[in-house]
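Below is one structure, written out as structure tokens; the observations come after it.
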Amino acid sequence: MGSIRGIKKRKKADDKDGQDASATPFDWWQHFSLRISGPLAQSKNIEKFESVFKISRKTFNYICSLVEEDLLARASNFVDLNGKRLSLNDQVAIALRRLSSGESLSTIGDSFRMNQSTVSQVTWRFVEAMEERGLHHLSWPSTETEMEEIKSKFENFRGLSNCCGAVDSTHIMMTLPSVDALNSVWLDREKNCSMVLQAIVDPDLRFRDIVTGWPGSMSDEQVLRSCSFFKLGEEGKRLNGGKKVLPEGTAVREYIIGDRGFPLLPWLLTPYEGKGLSNVQVEFNTRVVETQMLAKKALARLKEMWRIIQGVMWKPDKHKLPRIILVCCILHNIVIDMKDEVLNDMPSCHQHDSRYQDQTCEFVDNTANAMRQKLSLFLSGKLPS
């Protein structure tokens with residue numbers, strides 16, 4: 001996983017299986033759903049678990065097993081307005097509803113009949129637990145077999161040989177106090193206050209590396225150059241696996257692809273720019289753009305499913321927000337890893353920053369440019385053997 005500004009690296013803990021001892025999952029949901037009030041209680045299909053939490057019961061139970069030890073380790077006095085102590089399942093449900101709906105603390109409190117402060121504290125404890133127990137769901141491939149599978153899927157998708165990922169960035173919108181002069185750094189090029197999330201995804205739309213916490217005023221290139229992935233790539237400690245040898249002998253190293261907002265590097269290939277491009281260059285651009293669309297779709301799905309980061313957040317804690325974004329990315333991956341059937345109902349969209357104009361980076365590495373030219377000729381069938 002990449003950099004998360006504002007938090008320290010935590011030791012990855014082994015996940016523990018477990019269930020809520022207070023009730024069976026079926027009995028719990030039947031009882032819990034009857035407690036829902038307010039507008040949520042009048043919504044369509046309120047009796048259907050997936051309509052409230054956007055995940056299946058199977059995935060919900062797995063998430064409960066991940067965080068059970070942490071949430072139950074510390075004695076809590078969390079209760080609803082009737083004085084009933086909140087069970088493990090109750091706490092996970094409250095946190096997931098908060099993250100997936102993006103509704104305010106007061107709205108969640110009204111829906112589940114509890115104080116706003118309880119909703120806030122329960123959600124934050126869940127975020128802390130998921131950082132510890134779910135981080136293994138967001139990681140760079142650790143084995144050659146895993147990476148070869150990813151490269152094979154990318155090649156089958158649009159023909160890009162030895163491609164290991166697609167990178168893109170999105171903005172998490174915020175409303176900040178105008179009286180604070182320091183908040184100007186968070187103003188992005190569209191004059192919105194925002195925080196950047198940059199992510200590398202695999203062909204299954206799974207996040208493999210992320211960096212977040214940087215202000216919206218930074219460009220895609222600046223964020224990239226500030227993250228640990230960039231340093232690893234430059235030092236040859238990442239994307240250093242097997243090379244693809246082209247028919248005329250050129251060895252193409254492992255790489256990721258990005259749009260024109262990123263620099264052209266030996267390990268990051270981007271489309272050709274300018275007018276009067278050759279047919280070979282146009283074909284290469286088409287392959288790159290269509291493959292990079294996977295990253296856009298992943299970020300669009302992230303914001304659609306975990307709506308706390310979709311709209312404009314009201315005066316968020318800028319130290320806690322990166323951790324909330326991280327947990328939303330982990331949950332995004334868990335839904336994929338669990339092969340959750342809710343994915344079948346997700347709209348296919350790639351618009352995650354619709355208010356923003358595309359960025360352009362002019363940096364071109366000569367070695368990368370030569371490799372891009374060779375790969376372009378190979379993909380168009382015009383590379384001499």
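Note that the numbering runs from 1 along the sequence shown for the chain.
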Check this for me, if you would: do [X] and [Y] make a salt bridge, where the nitrogen-to-carboxylate-oxygen distance has to be below 4.0 angstrom?
| X | Y | result |
| --- | --- | --- |
| Lys48 | Glu50 | no |
| Lys151 | Glu155 | no |
| Arg35 | Asp90 | yes |

(request) Considering non-hydrogen atoms only, spot the tightest contact between Met174 and Val312 and give its length. (result)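 Distance-wise, the nearest heavy atoms are C-CG1, 3.7 Å.
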(message) Could you walk me through whether Glu190 and Gln357 satisfy the side-chain contact (heavy atoms from CB on, under 4.5 Å) test, starting with their C-alpha distance in whole Å, then the side-chain angles of each, then the deciding distance to 0.1 Å, before giving a yes or no?
(response) CA-CA 8 Å; Glu190 301 297 335; Gln357 298 294 319; 3.8 Å; yes
(message) Could you check whether any side-chain heavy atom of Met195 comes within less than 4.5 Å of a side-chain heavy atom of Leu321, counting everything from C-beta outward?
(response)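 They are in contact (side-chain heavy atoms under 4.5 Å apart), so the answer is yes.
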(request) Please tell me if the side chains of Met305 and Val335 come closer than 4.5 Å, counting only heavy atoms from C-beta onward. (result)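 Touching, per the 4.5 Å side-chain cut-off.
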(message) Checking Lys339 now: which residues fulfil side chain to side chain contact (heavy atoms under 4.5 Å, CB included) with it, not counting sequence neighbours?
(response)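 In terms of side chain to side chain contact (heavy atoms under 4.5 Å, CB included), with neighbours along the sequence ignored, Lys339 is linked to no residue.
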(request) Using side chain to side chain contact (heavy atoms under 4.5 Å, CB included) as the criterion, list what pairs up with Ser152, not counting sequence neighbours. (result)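 For Ser152 the side chain to side chain contact (heavy atoms under 4.5 Å, CB included) partners, ignoring immediate neighbours, are Asn156.
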With sequence neighbours excluded, give me every ring pair (Phe, Tyr, Trp, His ring centres under 6.0 Å) pair touching [range].
| range | answer |
| --- | --- |
| residues 281-310 | Tyr272-Phe284 |
| residues 145-172 | His171-Tyr356 |
| residues 85-118 | Phe32-Phe112 |

Throw together a table of side-chain donor-acceptor distances under 3.5 angstrom for residues 262-270, partners on residues two or more places apart or in other chains.
unit_1	atom_1	unit_2	atom_2	d
Trp267	NE1	Glu234	OE2	2.8

(request) Report the C-alpha separation of Glu254 and Asn162 in whole Å, then their side-chain angles, then the decisive distance to 0.1 Å, and conclude whether the side chain to side chain donor-acceptor pair (under 3.5 Å) test is met. (result) CA-CA 5 Å; Glu254 292 181 339; Asn162 234 29; 5.3 Å; no
(message) Donor-acceptor check, side chain of Arg97 to backbone of Ile108, threshold 3.5 angstrom: yes or no?
(response)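 Such a contact is absent between Arg97 side chain and Ile108 backbone.
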(request) Supply the atom-to-atom distance Glu128 CD to Thr123 OG1, rounded to the nearest 0.5 angstrom. (result)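 Interatomic distance, Glu128 CD to Thr123 OG1, rounded to 0.5 Å: 11.5 Å.
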(message) Apply side-chain contact (heavy atoms from CB on, under 4.5 Å) to residues Leu138 and His332 and explain how you reach the verdict.
(response) CA-CA 9 Å; Leu138 202 167; His332 168 100; over 6 Å; no
(request) Check whether NZ of the Lys or CZ of the Arg Arg57 lies under 6.0 Å from the centre of the six-membered ring of Tyr62 and within 45 degrees of that ring's axis. (result)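 Here Arg57 fails the 6.0 Å and 45° test against Tyr62.
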